[in-house]
Every structure is written in structure tokens, then in C-alpha cells.
There are 2 protein chains.
Amino acid sequence: MTFVALVDDHELLRTGLAAMINSFEGFKVVMEANNGQQFVEKIKTTKINPDIVLLDITMPQMDGYETSSWIKSNLPQTRVLVLSMLENDTAIIRMLKNGARGYILKDSKPKIFKDALDSIRDSGYYINDLVSNKLMHYINHEEVYDNDAMALSNLSENEITFLKWICTEKTYKEIADEMCLSPRTIDTYRDNLFKKLDVKTRVGLAIFAIKNGIVTI
Amino acid sequence: MTFVALVDDHELLRTGLAAMINSFEGFKVVMEANNGQQFVEKIKTTKINPDIVLLDITMPQMDGYETSSWIKSNLPQTRVLVLSMLENDTAIIRMLKNGARGYILKDSKPKIFKDALDSIRDSGYYINDLVSNKLMHYINHEEVYDNDAMALSNLSENEITFLKWICTEKTYKEIADEMCLSPRTIDTYRDNLFKKLDVKTRVGLAIFAIKNGIVTI
DNA sequence: ATGAAGCACCGTGTTTTCACCGTTTTATTA
DNA sequence: TAATAAAACGGTGAAAACACGGTGCTTCAT
């Protein structure tokens, strides 16, 4: 029997998932959590040790990236299968770098699910087209992903906050007021981010912020 | 027994939903569809007549707005319960205007689901805080919603195209080149959209375009 | 202790964006 | 065909955004 944990903030989806997975021969859902933090707590307080964790990316408190890293270092025998709506290269590569063994979209058909779980249990990995394409692409364009994937983690708290304000209609001067910083500093933030993220305009920054979940619209 | 139809392009969510609803006393899922168009076809070809339709908004082919309108005029005794991730005012008001009897978020707890279904079966409506707040607000700011909801359909082809370019890093002059129009015309497009959409900056336009699916990022 | 790295800050100048005014052209239809 | 709406185009000036080249002040590892 393979034990499965579900980590996703959508309770409804979780309920459906649990029902489905429990209906699969040889699989049993033994834990559910709303986010990474709750998952970590449950791991620590209970003695439950899941074989496979079905993990969402966008969650409050502790997101999928962090959670997957944590699992990689604290539960090395536990395998992560990402279950996300995000289809963009950065998210997929980043999760794989953080130890994920497979990546499937939330609107997949049940059969895909079964296949993925079987494959991860038996071979340790589930390599679908989504993943293999990104991997192939990654091999040839590593720099791009490095820039992009690292970008997020290389951003300071202030830069993240700044990116949130970027997605409003405030001027840089007004943003400076909001953040209690000099307008010049804000200019520097912008210029640095232009370089870091390889964009040239405020719209570029806004798109980046949205794409990477720094702001939700 | 109350018959329920599920219209949502996320098969997994549908599976979970179906399992959950079938577990509720007195409810039975009698039809599932991937989108509005498929739903309409099934209604026409089969003799199934659902009492309640659980309807998503963002779907390919025929979205929730259209589908709800169609149900309103073709199946007047069928009641629509919206099930969406969208929490923004425009979406909620627009669905209610198109005949929806209730609106719940996809990450609601199962109990909310049961309550909503019971309420719609018994009283015809499910008025939660989400809906009542928007309704109250709507009473007092009707113009705003009219502007917003109508905005999308009031946009010309060129304006839509322009909004796509807005979400790039091109300057207005470059956009003018791309669209084979004078820079002045582009200025006018921008100014008109500022008024129509009630925004003040290019970032505002970009956010609107993304929010309303004119561009996908 | 020193040199590299990062953050906050500043000045100047150019380009782009935005606001407000108006004219010509095209299409529609009464 | 004259009236009318709309789309395309234009000028000007102020405000905002962007580019570039800096200064101090920490921090922190060598």
C-alpha cells in the first residue's frame, strides 16, 4: 500500500482528489494539509510518513517551492508529485530543481493521475511531455532559466514589495511615499530590477510580478 | 431527488465534485460537461433535465456568462449555481445578471456546498456574504458595474489588439508601427480606454487586459 | 583592516507618457 | 444627400518614466 499526502489550499479539490486516489488500487490518502506549513507541522506532530506528496505550488503561508525543498532535505524517501495550474517554464523547472519527481496540471484526466502515481511509486519518476519538453529546453537554454529562476530568490524584501506597488497606478514618487523611501532609491530599485529581470519598462515589471505570483489579480 | 449537472473544464475537480454531491442526501449528479457548448448539446440530445447546474465561468468554447444566459432563456426551471475561482465584483455581478442563483468559490468547504445546494433547492437562491456584499455595493454604484461589465463588449477590434500590445514593452510609437496607424491615433485609443475602463496609466490597462483574458501570460 | 558587495541616496538630461485641445476622413443612415 | 457618428489624425505642454554616473554607509568574509 502506498501512502499519499495532499497539500493544497483548495479544500474541495482535495476532497475530490482524496476520493479519487482512495479508489485507486494500492493507494491511500493518509494526510491532508492546507499549505506547506501545516504539512510540516503534521509531519512533526504525527508519525505519518507519506510515500508520495501531491503538492500544489501557489499556497498561503508556505508555497510549493519551499515545501518541496523542505521535503527534499527532511524526508528524502518521500516523493513529490506537483499538481498545479501553472504551466510556465519557470515554475516547472523550479519545482524540478527543488526535488519534484513529476508535474501534472490540475485539469488532467483521472487516468493521467493514476499513471503518474503508479509511475512514481514504481520508478520514482513520472516524466510526461510537459516535463520532458521543459527539461530538453532547459538543457539548451540553462542561462535563461538560471536568470529567471534565480531572479525570484535574489530579490530583496523591499524589491518584492516594490513589485507589488508596480502593479498599481501609483507613480514612483507615490510608491516612494508608501514605502517610506526616497524617490531616488525607488529609481534605483527600478533600474536594478530592469537589469535583474531583463525587462525595460514598468509594464515588463508588472507582467513579471503577475507571472510569478508576487501579485494576484 | 434533485438532479445536478456539472459544467467545468477541470475534469479532476468535476470528479471530486460528483463524488461529493452524490454523497449528499437527496442529490444526484446526472450530467457532466466540459464547457457550455457541450452542455447545450447534451441537453438537446439527451432528455436529461437538471434541477441545478453547477457552472464554472472560465471555460473554452462557451463560457459561464453565455451558458447562464442560455439556461435562463431555454431552461427557465433550471437553477444555476456558479462555482468559480474569480472573486472580482464584475464577474459576480455579471453572473447574477445572467440569472445565477448563487455564487461560491472553488476553494469553499464541503459544508458550504451542501448549504448552497440545499438553499437553492428549497428557496431558489443561495445568498452568501460574497453575493450580498456585491449586491449591496451594486445598488449604490450601478454605473460603475455597468461601465465595467459593458466595457468588454464595447471594445472595438482595434482596441482589443491595442490592449494586447499594451502588455508588451513596446512604446506607443512602436505599437503605432505594428498596427499601421499614426502615433496620434494610438494616443487617442489610449485616452479613450482610460475613460472607458476607468484607469489612468498604461499599467492599469495592462492589468485590465490580463484580468479579462485579452492576453494570457 | 580592507576590499568586495549591497543598500540607500542624489543630480542631470532625455525620452515617453499623459492631458487637453482640435481637424479631417470614412462610414452610416435618415 | 445631408446629417451624424466614428475613426484617424494632429499640436502643445506638463508630468512621469527611464538612463547614466555618481556618493556615503553598512556588513562581512578574508
Side-chain angles (χ1 to χ4, degrees), chain A residues 143 146-212 214-215 217, chain B residues 144 146-148 150-211 214-215 217:
Chain A
E143 340 72 52
D146 281 349
N147 279 344
D148 244 51
M150 294 231 191
L152 261 175
S153 42
N154 274 355
L155 299 184
S156 69
E157 281 303 311
N158 267 351
E159 282 173 329
I160 300 277
T161 310
F162 173 67
L163 280 176
K164 288 183 181 154
W165 286 111
I166 276 290
C167 299
T168 68
E169 298 202 308
K170 291 198 187 295
T171 66
Y172 290 118
K173 192 201 282 258
E174 289 168 336
I175 294 175
D177 284 347
E178 292 287 353
M179 293 181 65
C180 298
L181 289 170
S182 151
R184 297 299 175 177
T185 303
I186 293 296
D187 277 352
T188 310
Y189 281 11
R190 180 198 57 217
D191 295 345
N192 288 340
L193 286 173
F194 279 172
K195 288 194 191 75
K196 280 195 198 181
L197 309 179
D198 192 34
V199 297
K200 288 186 295 291
T201 66
R202 177 160 175 175
V203 170
L205 292 181
I207 304 279
F208 175 89
I210 295 166
K211 233 181 206 161
N212 290 279
I214 292 170
V215 291
I217 59 169
Chain B
V144 180
D146 282 350
N147 280 346
D148 241 52
M150 295 226 190
L152 259 177
S153 43
N154 273 356
L155 299 184
S156 68
E157 280 303 310
N158 267 351
E159 281 173 330
I160 300 277
T161 308
F162 173 66
L163 280 175
K164 288 183 180 155
W165 285 111
I166 276 290
C167 298
T168 69
E169 298 201 308
K170 291 196 186 295
T171 67
Y172 290 117
K173 190 201 280 262
E174 289 167 336
I175 295 176
D177 283 347
E178 292 287 352
M179 294 181 67
C180 299
L181 290 169
S182 153
R184 296 299 174 177
T185 305
I186 293 297
D187 278 351
T188 311
Y189 281 11
R190 179 197 57 217
D191 294 345
N192 287 340
L193 286 173
F194 280 172
K195 288 194 188 75
K196 279 195 197 179
L197 308 180
D198 193 33
V199 299
K200 289 187 294 293
T201 67
R202 178 160 173 174
V203 170
L205 291 181
I207 303 281
F208 175 90
I210 295 166
K211 231 181 208 161
I214 292 170
V215 291
I217 60 169

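Please read all numbers here as calculations on a predicted model, not as lab measurements. Every chain is numbered from 1 and lettered A, B, ... according to where its sequence line falls, protein lines coming before strand lines.
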Can you find a heavy atom in the side chain of [X] that is under 4.5 Å from one in the side chain of [Y]?
X	Y	result
B/E174	B/W165	no
B/V203	B/F208	no
A/I214	A/K164	yes

*If you measure from OG1 on A/T185 to CG on A/N192, what distance do you get to the nearest 0.5 Å?*
10.5 Å
Please pick, from [options], the nucleotide with the shortest atom-to-atom distance to any side-chain atom of [X].
X	options	result
A/R190	D/dA8, D/dC18, C/dC9	D/dC18
B/R202	C/dC10, C/dT17, C/dA19	C/dT17
B/T188	C/dC18, C/dC10, D/dC9	D/dC9
B/D191	C/dT17, C/dC20, D/dA19	C/dC20
A/R184	C/dC9, D/dG10, C/dT17	C/dC9

Whole-Å distance between [N] [atom2] and [X] [atom1]?
X	N	atom1	atom2	result
A/N192	C/dC10	CG	P	16 Å
B/E169	C/dT16	CD	P	14 Å
B/D177	D/dC9	CG	P	12 Å
B/L193	C/dA19	CG	P	12 Å
A/F162	C/dG6	CZ	C1'	17 Å
B/Y189	D/dC9	OH	P	8 Å
B/I160	D/dA7	CD1	P	13 Å
A/F194	D/dA19	CZ	C1'	10 Å

*Mapping B/I186 and A/K173 onto DNA chain D by nearest heavy atom, which one lands closer to the 5' end?*
B/I186
*Residue of the set B/I207, B/L205, B/L193 for which side-chain contact (heavy atoms from CB on, under 4.5 Å) holds with B/V199*: B/L205
Contact under 4.0 Å: [X] side-chain N or O vs [N] OP1/OP2:
X	N	answer
A/T201	D/dA17	no
B/Y172	C/dT15	no
A/N158	C/dA8	yes
B/S156	D/dA6	no
B/T185	D/dC9	yes

